[in-house]
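Here is the structure we will look at.
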Number of protein chains: 2
Amino acid sequence: MRQTKQRNAILGSIRSAEGPLSIAQIHGRAGEKIPRLGIATVYRAVKALREDGEIVAVDLPGEEPRYEAADIGHHHHFCCRACGQTYDLGVCPVGIPRGTMLPGGYTVEDHSLTLYGRCAACEA
Amino acid sequence: MRQTKQRNAILGSIRSAEGPLSIAQIHGRAGEKIPRLGIATVYRAVKALREDGEIVAVDLPGEEPRYEAADIGHHHHFCCRACGQTYDLGVCPVGIPRGTMLPGGYTVEDHSLTLYGRCAACEA
DNA sequence: GTAGATGCAAACGCTTTGCCGCTTA
DNA sequence: TAAGCGGCAAAGCGTTTGCATCTAC
């Protein structure tokens, strides 16, 4: 993959974020460094970075897709209802190992948990 | 809210489903009973039924919004990766009561859990 | 020098809205 | 009969694509 100032700015904004970013957020943050940054460039760069394994998509219920660095590992997210920001969490309170079969015959491979509430700044 | 055959068919298809349905699924199922059922009618009926408290939206990560009867109570969903169907689950393996404060100062009000894997039919 | 990347604008797909004729109460 | 509803088509809006230009390698 070719190194350009646009992609550097895009990947940099994702890496330096406190949680996963939406396309609009990436465009806003990277756009501070690259004036006239096209939204299509963001979409294309995000797609390329995903295929390259640099970043992963984070889909949260009822939210537009967000993206974060791929090397973070299994974790979940906290979504602040006051400010709308999404944060990474370290905890995983879901005790369902891969391969578990639930009543009804559902074989679990994976799970996604999102917590909702108020972040420290908004709670104050 | 006025009683029409379209809305009866739409609410009926949601109530009789084995899990939450997408707009397209509702349109397909209700459309079997009501030929020429417009997609806009489905959107408008779903919106009205939501405001009326009859149904609730079910947002799953990376999926289009789905809708199910409102009187089902707290539960989670299982998403089959093979057939794409979503099913209601009875279990809730998340031990985080409302009001819990997580490291980082996040106050939890609510949570959403989605399990992924294969349903009984697809596993066979 | 050339394949790949960018910016712009048009195309696209899903959702919403406007309009007008029809239906329910 | 009158307010609400349904069907159709157009408008919106976020995402994707085409194309000509530019740039990293």
Side-chain angles (χ1 to χ4, degrees), chain A residues 1-15 17 19-68 70 79 84-86, chain B residues 1-15 17 20-68 79 84-86:
Chain A
M1 199 169 105
R2 191 169 286 186
Q3 194 94 345
T4 67
K5 57 181 183 299
Q6 287 88 344
R7 291 191 173 173
N8 286 338
I10 288 168
L11 184 54
S13 67
I14 294 171
R15 286 202 178 282
L21 300 183
S22 66
I23 293 289
Q25 288 174 316
I26 296 168
H27 186 230
R29 297 189 186 198
E32 293 174 4
K33 291 166 188 161
I34 315 279
R36 322 190 54 68
L37 174 64
I39 190 72
T41 298
V42 177
Y43 279 105
R44 280 187 283 227
V46 163
K47 186 182 180 192
L49 288 166
R50 283 223 285 159
E51 290 169 352
D52 215 51
E54 293 275 353
I55 64 176
V56 293
V58 175
D59 287 311
L60 302 178
E63 305 274 323
E64 66 265 80
R66 293 160 190 268
Y67 303 90
E68 69 185 5
C79 209
Q85 183 60 49
T86 300
Chain B
M1 201 170 102
R2 193 170 284 185
Q3 193 93 345
T4 67
K5 56 181 183 300
Q6 286 90 344
R7 291 192 174 174
N8 286 338
I10 287 168
L11 184 53
S13 68
I14 294 171
R15 285 201 178 284
L21 300 183
S22 68
I23 293 289
Q25 289 175 314
I26 296 168
H27 186 229
R29 297 189 186 197
E32 293 174 4
K33 290 166 188 162
I34 315 278
R36 322 190 54 68
L37 174 65
I39 190 72
T41 298
V42 178
Y43 279 104
R44 280 188 283 228
V46 164
K47 186 183 180 191
L49 288 166
R50 283 223 287 159
E51 290 170 352
D52 215 52
E54 292 275 354
I55 64 175
V56 294
V58 175
D59 288 311
L60 301 178
E63 304 274 324
E64 67 263 81
R66 293 160 191 267
Y67 303 91
E68 68 185 6
C79 207
Q85 183 61 48
T86 300

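This one's a predicted model, so the numbers in the text were calculated from it and none came from an experiment. Order of the sequence lines sets the chain letters (A, B, ...), proteins ahead of strands, with each chain counted from 1.
Listed here is the closest heavy atom pair of D59(A) and G62(B): CB-N, 3.2 Å. Closest approach of S22(A) and Q25(A) over heavy atoms only: N-OE1, 2.8 Å. Heavy-atom minimum distance, T86(B) versus P20(B): CG2-CG, 3.8 Å. The shortest heavy-atom contact between H27(B) and G38(B) is NE2-C, 4.0 Å.
As a whole-Å value, the separation of E51(B) CD from dT16(C) P is 11 Å. One atom, CZ of R7(A), and another, P of dC22(D), lie 19 Å apart when rounded to the nearest Å. Taking atom CD of residue Q6(B) and atom P of nucleotide dG21(C), one finds them 18 Å apart after rounding to whole Å. One atom, CG of N8(B), and another, P of dC5(D), lie 13 Å apart when rounded to the nearest Å. Note: CD1 (I10(B)) to C1' (dC5(D)) measures 11 Å, nearest angstrom.
At a threshold of 4.0 angstrom between heavy atoms, the contacts of R44(B) include nucleobase atoms, whether or not backbone atoms are also involved.
Between L60(A) and R66(A) the shortest side-chain heavy-atom distance falls below 4.5 Å.
Rounding to the nearest 0.5 Å places CD1 of I34(B) at 10.0 Å from OG1 of T41(B). Between atom NZ of residue K33(A) and atom OG of residue S13(A) there is a gap of 7.0 Å, rounded to the nearest 0.5 Å. The CD atom of Q85(A) lies 7.0 Å from the CG atom of L21(A); values are rounded to the nearest 0.5 Å. Atom CG in L49(B) sits 12.5 Å away from atom NZ in K47(B) (nearest 0.5 Å). Between the CD1 atom of I10(A) and the CZ atom of R7(A) there is a distance of 8.0 Å, given to the nearest 0.5 Å.
Residue Y67(B) forms a side-chain contact (heavy atoms from CB on, under 4.5 Å) with just one option from I26(B), V56(B), V42(B), and that option is I26(B).
A heavy atom closer than 4.0 Å to some atom of DNA chain D occurs in A40(A), these being the qualifying members of residues 23-41 of chain A. Residues from residues 52-63 of chain B lying near DNA chain C, meaning a heavy-atom separation below 4.0 Å, are absent.
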Could you pull out the protein-nucleic contacts involving nucleotides 22-25 of chain C (nitrogen or oxygen on both sides, under 3.5 Å)?
from	atom 1	to	atom 2	distance (Å)
dT23(C)	O2	R2(B)	NH1	3.2
dT24(C)	O3'	Q3(B)	O	3.3
dT24(C)	O2	R2(B)	NH1	3.2
dA25(C)	OP1	Q3(B)	N	3.2

